[in-house]
Protein chains: 2
Amino acid sequence: MNEATGPEQAPCTWPAERGAAPPGGPVGHLVTRVARLHRTAAGRALRESGLYPGQEIVLGHLWEADGPVRQSDLIKAVELDPSTVTKTLQRLEQSGHVTRAPDPADRRAVLVEATELSCALSRQVESAWAGLEEHALAGLTPADRAELLRLLTAVEANLCDRAGGCPEAE
Amino acid sequence: MNEATGPEQAPCTWPAERGAAPPGGPVGHLVTRVARLHRTAAGRALRESGLYPGQEIVLGHLWEADGPVRQSDLIKAVELDPSTVTKTLQRLEQSGHVTRAPDPADRRAVLVEATELSCALSRQVESAWAGLEEHALAGLTPADRAELLRLLTAVEANLCDRAGGCPEAE
DNA sequence: CCCCATTGATTGGCCGACCATGCAATGCGT
DNA sequence: ACGCATTGCATGGTCGGCCAATCAATGGGG
C-alpha cells in the first residue's frame, strides 16, 4: 500500500494556536451555503414551470428587452461566461423557450428571442421568484433587507475588482 | 393569439404594470452573484495550492477532526449531497490529498483521512481564505460584518426549513 | 487591396451540485 | 434465526459554471 510519509494517522498536528476559528472565514462559507440553498429552492419552484435554475435569469433579460437581443449583449447583461450562455440558450432553444437566428447585419452574431411559450411562463416564474424571495427574507424588517442589500452589494463590488472582470462600466 | 412558433411576432407584451422591479427579486440574484464571484475568487486563490473550489471545505473538516472520519459524518458536517462528497473524495484521493479505507467496524463505512500532503497545504489554504475573506469584506466595519452574518444566517434558516433537508436537529 | 487584430460565438473538457437508482452491509423486530 | 427496513456509499445522468482553444466574420491599418 501507500505508506506515503507516515505509517498511519498523525494527520495534521495543528499549530494548536487556533481553535476559535471554525472552518475558514465564516462569511465566505455562509454566502456559498445560502446561495446553494437558494438555488435548490429556486430549482424546486421552477421545476413546475419546466425550467432549471439559471435559465430564469436569461429568460428574464429576454422578457425585459422584449424583442430580439444580440447574444453578446445578453452575455454582458447576465455577466456570465459566454460558453455558459451558449449552453443555456441551446437548452432553452431545445425546450422551445427561445428562438435563435443569425443577425443579418452581422453574420457572426446571433439574435435571441423569447418564445410565446416562455412568455406564458413568465408570470408563473415571476410569482414563484417573488414567493421565494419573500420566504428567504421572512422575518427581516425592511431596514434589515435594505442593509442586506447594501452589504451584499459592497461585497460584490469588493469581489468584482479582484476578479477584474466585472461591469465596472462607467 | 397563439401563433406559437410563429415567425417573429411581438414577444411578451407585458402587462405593462411593472417597470420598477428589474429582473426578479434583488436579493436572490445578488446572493447568487456574490457566491459566484466568491467561488471564482476562491478558485484562483486555491489554484496555487492545486485545489479546486469546494475541496477546501471537505479538507477543512478533515483537518479539524484530525484523524480518520467516517464519510457519513463528513457528509453531515458539510451538508452536501452524499454523491457530491463521494466524487469530491475520489478526486482528492486521486490527487493524493486524502486516503480512504474501509472501516473495520462497519464494512459499509469508509474512513477518510487527510494526508500529510494536504496538511502542508492547510496553512496556505487558510491564509488564502483569510485573505479572500478580508478582501470580500473590505470597507465593512465590524458592525457591518456582524450584521451581514446575522442577516445571512437568518436567510439561511428561512431557506432551510423550506428545503426541509437542513440540520434542524430535531 | 490584403493582412491581421478584434469581436462573436461554439466546442470540449473539467469540476461541483443535484436527483434517482442500485447495492452491500447492518441491525432490529418477530 | 430469519426477513425486512435502514444505513452507507457508489454510479449514472443532467445541468450550471469556468477555462482554453477554435472557427467565422468584421473592420482597421499599411
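Protein chains get the first letters and strands the later ones, always in sequence-line order, with residue 1 at the start of each. The structure displayed is predicted, hence computed values, not measured ones.
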For A:E48, give me all partners under salt bridge (charged side-chain N to carboxylate O under 4.0 Å, His left out), at least two apart in sequence or on another chain.
none

Would one find a side-chain N or O of B:R70 under 4.0 angstrom from OP1 or OP2 of D:dG8?
no

Does OP1 or OP2 of D:dC18 have a side-chain N or O of B:R36 closer than 4.0 Å?
yes

Rounded to the Å, how far apart are A:L46 CG and D:dC15 P?
15 Å

Pairs satisfying salt bridge (charged side-chain N to carboxylate O under 4.0 Å, His left out), at least one member in residues 90-102 of chain A, at least two apart
A:E93-A:R100

Check the distance between D:dG17's C1' and A:I57's CD1 and give it to me in whole angstrom.
11 Å

Chain A contact limits on DNA chain C, taken 5' to 3' with a cut-off of 4.0 angstrom to heavy atoms
C:dT7 to C:dC19

Base, sugar-phosphate, or nothing: which does A:I75 touch, judged by heavy atoms less than 4.0 Å apart?
nothing

Residues passing the side chain to side chain donor-acceptor pair (under 3.5 Å) test with A:T99, sequence neighbours excluded, are none

Go through residues 101-109 of chain B and report each residue with a non-hydrogen atom lying under 4.0 Å from DNA chain D, sorted by number.
B:R108, B:A109

Only pairs at least two apart or in different chains count here, so list each ring pair (Phe, Tyr, Trp, His ring centres under 6.0 Å) that has a residue in residues 65-93 of chain B.
none

Which of these, B:T32, B:V27, B:V31, B:V34, sits in a side chain to side chain contact (heavy atoms under 4.5 Å, CB included) with A:V34?
B:V31

Output all residues satisfying ring-ring contact (aromatic ring centres under 6.0 Å, His included) with B:H38, sequence neighbours left out; order by chain, then residue number.
B:W129

By side chain to side chain donor-acceptor pair (under 3.5 Å), A:R39 pairs with (sequence neighbours left out) none

When the distance from CZ of A:R91 to P of D:dG17 is rounded to whole Å, what number comes out?
12 Å

Could you run down the sub-3.5 Å N/O contacts of the protein with nucleotides 10-13 of chain D?
from, atom 1, to, atom 2, distance (Å)
D:dA10, OP1, B:R100, NH2, 2.3
D:dA10, OP2, B:Q71, NE2, 2.9
D:dA10, OP2, B:T86, OG1, 2.9
D:dA10, OP2, B:R100, NH2, 3.1
D:dT11, OP2, B:Q90, NE2, 2.9
D:dG13, O6, B:K87, NZ, 2.5

List the atom pairs, donor and acceptor, that lie under 3.5 Å between side-chain atoms in residues 139-154 of chain B and the rest of the protein, sequence neighbours left out.
from, atom 1, to, atom 2, distance (Å)
B:T141, OG1, B:A143, N, 3.4
B:T141, OG1, B:D144, N, 3.0
B:T141, OG1, B:D144, OD2, 3.4
B:D144, OD1, A:R150, NH2, 2.9
B:D144, OD2, B:T141, N, 3.3
B:R145, NE, B:L140, O, 3.0
B:R145, NH1, B:E134, OE1, 3.3
B:R145, NH2, B:E134, OE2, 3.2
B:R145, NH2, B:L137, O, 3.1
B:R145, NH2, B:L140, O, 3.4
B:E147, OE1, B:R150, NH2, 3.1
B:E147, OE2, B:R150, NE, 2.8
B:E147, OE2, B:R150, NH2, 3.3
B:R150, NH2, A:D144, OD1, 2.9
B:T153, OG1, B:L149, O, 2.6

My understanding is that only residues two or more places apart in sequence, or in another chain, count here; which of them pass salt bridge (charged side-chain N to carboxylate O under 4.0 Å, His left out) with A:K76?
A:D73

Applying salt bridge (charged side-chain N to carboxylate O under 4.0 Å, His left out), name anything that partners A:R108, two or more places apart in sequence or on another chain.
A:D106

Whole-Å distance separating the CZ atom of B:R44 from the P atom of D:dA20:
9 Å

Hey, does A:T84 reach any base, or is it just sugar-phosphate, or nothing, if we go heavy atoms under 4.0 Å?
base

With nearest nucleotide decided by heavy atoms, which residue, B:P53 or A:K76, maps closer to the 5′ end of DNA chain C?
A:K76

Is there a side-chain polar atom (N or O) of A:Q55 under 4.0 Å from OP1 or OP2 of D:dC15?
no

B:L74 and side chain to side chain contact (heavy atoms under 4.5 Å, CB included): which single residue from B:L111, B:T88, B:L89, B:L80 fits?
B:L89

